[in-house]
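Here is the structure we will look at.
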Protein chains: 2
Amino acid sequence: MFRLDIAEVAHQSGFPPSTLRFYEKRGLITSDGRQGLRRQYDDGVLTRLALIALGQRAGYSLDEIATLLRLKEGELDLSRTELQSQATTLRAKAKELQATADLLDHIAACSAPSHLECPRFKALLRDPRITGRTG
Amino acid sequence: MFRLDIAEVAHQSGFPPSTLRFYEKRGLITSDGRQGLRRQYDDGVLTRLALIALGQRAGYSLDEIATLLRLKEGELDLSRTELQSQATTLRAKAKELQATADLLDHIAACSAPSHLECPRFKALLRDPRITGRTG
DNA sequence: TGTTGACTTAAACCTCACTTCAAGTTGCAC
DNA sequence: GTGCAACTTGAAGTGAGGTTTAAGTCAACA
């Protein structure tokens, strides 16, 4: 464990200082002491920040991440079922993006004179699933 | 072409009336006339709303969608290259989500006594790509 | 001693996509 | 002519995830 000041953490983690202060206010990270006014961190904060970044990619809100990180200091105690369920959610989102990408490619390639005349496109526009809504 | 009032459009499109008024203010749709105070639409608005929903799924902002929809009244004149490039972006996002899902599954299944001791997890946390940042 | 330059703070501001609010209007049933 | 639901308006509020600003503080260097 060695100590880093805010500029160092910003540089190594890629998060700007404003974000580090914001995260501290939100209870996601802690600084331990100051040199003059400058926050000092121990190097564990870098792991914590990496976990935060991962949490964000995994679709958790900062509040959720804060809760997860508070559960055990230094340890991570995530429910395995919860992780799998989140993975399933992410896969569903990934598939939706894929499907949309395929549609865009089809529209780009379609030989119909105008996009709105493409039969597949017209069919999709009538498909209630296109909106992701129930109406 | 037949006419629908706002409640009907809301019901058929799945967008709440507040959103329809909001979209009108933003220039995404137009109502043509009123019956009393109630906005009346012609049924073309439903196609337009489906296009808006698709645009959102495809990752465009409302401003971008508004611009695209204004290009040609009733027609859609999207650059095919632009569509393909957007499709590529979506596929990249989809892959990122997949990768994150795989990681979550691995963490859930990993036999290491604590998540932070899982070698693959530790390695990933050190990987700068985990943050999606350059720092 | 004085001036940088990098930090500090609280609070305001930002974008996006809407929703909610308060006050007013309309059509229709009774 | 009264009641009422469903609309109307502009303006303000929401929530997520920050960034920016203004005013202040500090260590170091000349």
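Proteins get letters first, then strands, A, B, ... in listed order; numbering begins at 1 in each. Values in this document were obtained by computation on a predicted structure and should not be read as measured data.
- Taking atom CG of residue B:Asp5 and atom C1' of nucleotide C:dG27, one finds them 12 Å apart after rounding to whole Å.
- One can place CD1 of A:Ile29 at 12 Å from P of D:dG18, the figure rounded to the nearest angstrom.
- Of the residues near DNA chain D, A:Gly36 and A:Arg26, the one whose nearest nucleotide (by heavy atom distance) lies more toward the 5' end is A:Arg26.
- Atom C1' of nucleotide C:dT19 and atom CZ of B:Phe15 are separated by 15 Å, given to the nearest angstrom.
- Between B:Leu28 atom CG and C:dC16 atom C1' there is a gap of 13 Å when expressed in whole angstrom units.
- Under the 4.0 Å criterion applied to side-chain N and carboxylate O atoms, A:Asp5 and A:Arg34 are not assigned as salt-bridge partners.
- Residue A:Tyr23 has a polar side-chain atom (N or O) positioned under 4.0 Å from OP1 or OP2 of D:dG18.
- The 12-atom threshold is exceeded at CD of A:Glu82, counting heavy atoms of other residues, nucleotides or ligands nearer than 6.0 Å.
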Inset, instruction - Apply side-chain contact (heavy atoms from CB on, under 4.5 Å) to the pair B:Asp102 and A:Arg91, showing each step before the final yes or no. - result: CA-CA 9 Å; B:Asp102 290 348; A:Arg91 288 217 171 77; 2.5 Å; yes

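- Atom CD1 in A:Ile52 sits roughly 10 Å away from atom P in D:dG18 (whole-Å rounding).
- When rounded to the nearest whole Å, the span between CD of B:Gln40 and C1' of D:dC7 equals 11 Å.
- In this structure, of C:dT19, D:dT19, C:dC18, it is D:dT19 that holds the atom nearest to the side chain of A:Pro16.
- Two end axes, each from the C1' atoms of five base pairs, can be drawn for the helix from C:dT1-D:dA30 to C:dC30-D:dG1; they diverge by 30°, to 10 degrees.
- The separation between B:Gln35 atom CD and C:dG27 atom C1' is 9 Å, rounded to whole Å.
- A close approach under 4.0 Å does occur between a side-chain nitrogen or oxygen of B:Gln56 and OP1 or OP2 of C:dC18.
- A pairwise comparison of heavy atoms in A:Leu28 and A:Leu62 identifies CD2-O, 3.7 Å as the closest pair.
- Residues A:Asp43 and A:Gln12 form no side-chain contact, since every pair of their non-hydrogen atoms from C-beta on lies 4.5 Å or further apart.
- As rounded to whole Å, 16 Å separates atom C1' of C:dT9 from atom CZ of A:Phe22.
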Inset, instruction - Just do the side-chain contact (heavy atoms from CB on, under 4.5 Å) check on A:Leu54 and B:Phe121 with the steps written out, would you? - result: CA-CA 11 Å; A:Leu54 173 60; B:Phe121 190 34; 3.4 Å; yes

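- At distances below 3.5 Å, not a single donor-acceptor pair connects side-chain atoms of B:Arg38 with backbone N or O atoms of B:Ile6.
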Report each atom pair, protein N/O against N/O of nucleotides 8-10 of chain D, whose distance is under 3.5 angstrom.
unit_1	atom_1	unit_2	atom_2	d
D:dT8	OP1	B:Arg39	N	2.9
D:dT8	OP1	B:Arg39	NH1	3.1
D:dT8	OP2	B:Arg21	NH1	2.0
D:dT8	O3'	B:Arg34	NH1	3.1
D:dT9	OP1	B:Arg34	NH2	2.8
D:dT9	OP1	B:Arg39	NH2	3.1
D:dT9	OP2	B:Arg39	NH1	2.6
D:dT9	OP2	B:Arg39	NH2	2.6

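- Between A:Thr19 and the phosphate of D:dT19, there is a side-chain N or O to OP1/OP2 separation shorter than 4.0 Å.
- Looking at heavy atoms from C-beta onward, A:Asp63 lies in side-chain contact with A:Arg26 at the 4.5 angstrom threshold.
- The shortest heavy-atom contact between B:Arg80 and A:Cys110 is NH1-O, 3.0 Å.
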